[in-house]
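For reference, the structure is listed below as structure tokens.
Indexing begins at 1, ligand by ligand and atom by atom, following the structure's order.
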Amino acid sequence: MTTPLIELRDIEKHFGAVIALAGVSLSVHPGECHCLLGDNGAGKSTFIKTMSGVHSPTKGSILVDGAETSFASTRDAIDAGIATVYQDLAMIPLMSVTRNFWMGREPKKRVGPFNFIDFGTANQVTMDEMAKMGIRLREPNQAVGTLSGGERQTVAIARAVHFGAKVLILDEPTSALGVRQTSNVLATIDKVRKKGIGVVFISHNVRHAMAVGDRFTVLNRGQTLGTAKRGEISPEELQELMAGGQELAELEGSLGGTV
Ligand SMILES: Nc1ncnc2c1ncn2[C@@H]1O[C@H](COP(=O)(O)OP(=O)(O)OP(=O)(O)O)[C@@H](O)[C@H]1O
Ligand SMILES: [Mg+2]
């Protein structure tokens with residue numbers, strides 16, 4: 001097996017008296033889609049915020065390409081190739097797809113003593129990157145606010161891929177989408193994975209996770225209930241685990257104690 005792109009070991013996160021994470025471990029390999037499932041308040045967002053440098057863990061270690069590291073800020077995580085697409089997406093609805101894609105990193109061209117944004121190149125790259133993800137933009141000047149939810153997710157994903165993400169973290173990218181939009185986003189995740197990028201896909205929805213996941217980790221009240229590989233667990237078992245694991249003892253056998 002290859003070295004994981006990123007590995008988190010026994011992560012604990014306390015907020016005062018609240019223990020949001022009580023020892024969670026997860027790794028992501030190149031080209032793997034690792035799904036993180038769990039009910040509301042399970043600790044999913046806290047965990048990926050630890051992975052992306054928003055929070056520093058109270059305890060536990062983070063390894064990037066096998067070497068122990070710590071992220072002092074989101075900048076550190078981004079520099080290490082960890083890109084996160086949050087649910088609110090951090091996009092500006094009134095601005096064009098191109099401006100949202102580049103977000104201040106636009107290519108420049110020099111005319112005499114002046115630097116100008118090279119809109120020709122910026123637009124072309126944006127159109128190309130979106131086309132690679134299966135979305136044909138009518139025109140790159142279209143405001144992001146006029147895109148569908150799925151298309152907006154795709155802009156954020158294409159942007160992360162273009163800027164060199166090694167690990168892409170998606171926090172509930174399909175939760176607000178209809179059936180067709182969802183299958184588009186799932187297809188996009190599959191394309192990203194095939195580029196060798198590791199994906200962490202957070203979801204409430206077992207069917208969405210099952211459609212693209214290679215491994216599944218279930219969180220419950222800040223703890224890992226287990227990690228299962230594709231084919232080792234049925235959707236019903238996964239659903240049951242998420243619901244709180246009443247039949248946990250029964251399921252332990254099928255999970256094989258793998259964490
Ligand atoms: N900044 C914070 N301060 C105090 N408690 C927090 C903070 N962030 C999260 N928590 C608590 O940690 C627990 C886990 O929250 P988290 O947002 O990680 O859950 P989640 O699995 O992402 O839930 P959801 O599915 O609703 O998004 C919750 O009990 C929450 O109230
Ligand atoms: Mg959350």
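Here Leu219 has no heavy atoms under 4.0 Å from ligand 1, in either its backbone or its side chain.
Distances from atom 27 (O) of ligand 1 to the heavy atoms of Ser45, Ser175, Gly16 put Ser45 nearest. Heavy-atom proximity to atom 12 (O) of ligand 1, evaluated over Gly222, Ala20, Gly38, is greatest for Ala20.
Close N/O approach between Ala42 and ligand 1 is found [any backbone or side-chain N/O within under 3.5 Å]. Ligand 1 has an N or O atom lying under 3.5 Å from an N or O atom of Lys44, backbone or side chain. Between Gly41 and ligand 1, a contact under 3.5 Å exists for at least one N or O pair.
A cation-pi contact links Lys13 to Phe15, judged by a cut-off of 6.0 Å to the six-membered ring centre and 45° from its axis.
The main-chain N or O of His208 is never found under 3.5 Å from a side-chain atom of Ser203 such that the two would form a donor-acceptor pair.
Within the 2.8 Å limit, Ser45 places at least one N, O or S atom next to the Mg ion (ligand 2).
Residue contacts with ligand 1 leave out Leu21, since none of its heavy atoms falls under 4.0 Å from the ligand. Assignment of His204 to the shell around ligand 1 is supported, since a heavy atom sits closer than 4.0 Å.
Glu7 and Arg9 are joined by a salt bridge, as a carboxylate oxygen and a charged side-chain nitrogen come within less than 4.0 angstrom of each other.
Aromatic ring centroids of Phe163 and Trp102 lie under 6.0 Å apart.
Taking a cut-off of under 4.0 Å to the non-hydrogen atoms of Thr46, the atoms of ligand 1 that pass are 9 (C), 14 (C), 15 (O), 16 (P), 18 (O). The contact set between ligand 1 and Asn40, taken as ligand atoms under 4.0 Å from a residue heavy atom, comprises 23 (O), 24 (P), 25 (O), 26 (O).
Heavy-atom contacts from other residues, nucleotides or ligands closer than 6.0 Å to CZ of Arg207 number 12 or fewer.
Ring geometry for His162 against Phe101 counts as tilted: the plane angle lies between 30° and 60°, on a 0 to 90° scale.
Side-chain contact, Thr217 with His34: a donor N or O sits under 3.5 Å from an acceptor N or O. Looking at Ser27 and Arg215, their side chains do bring a donor and an acceptor atom within 3.5 Å of each other.
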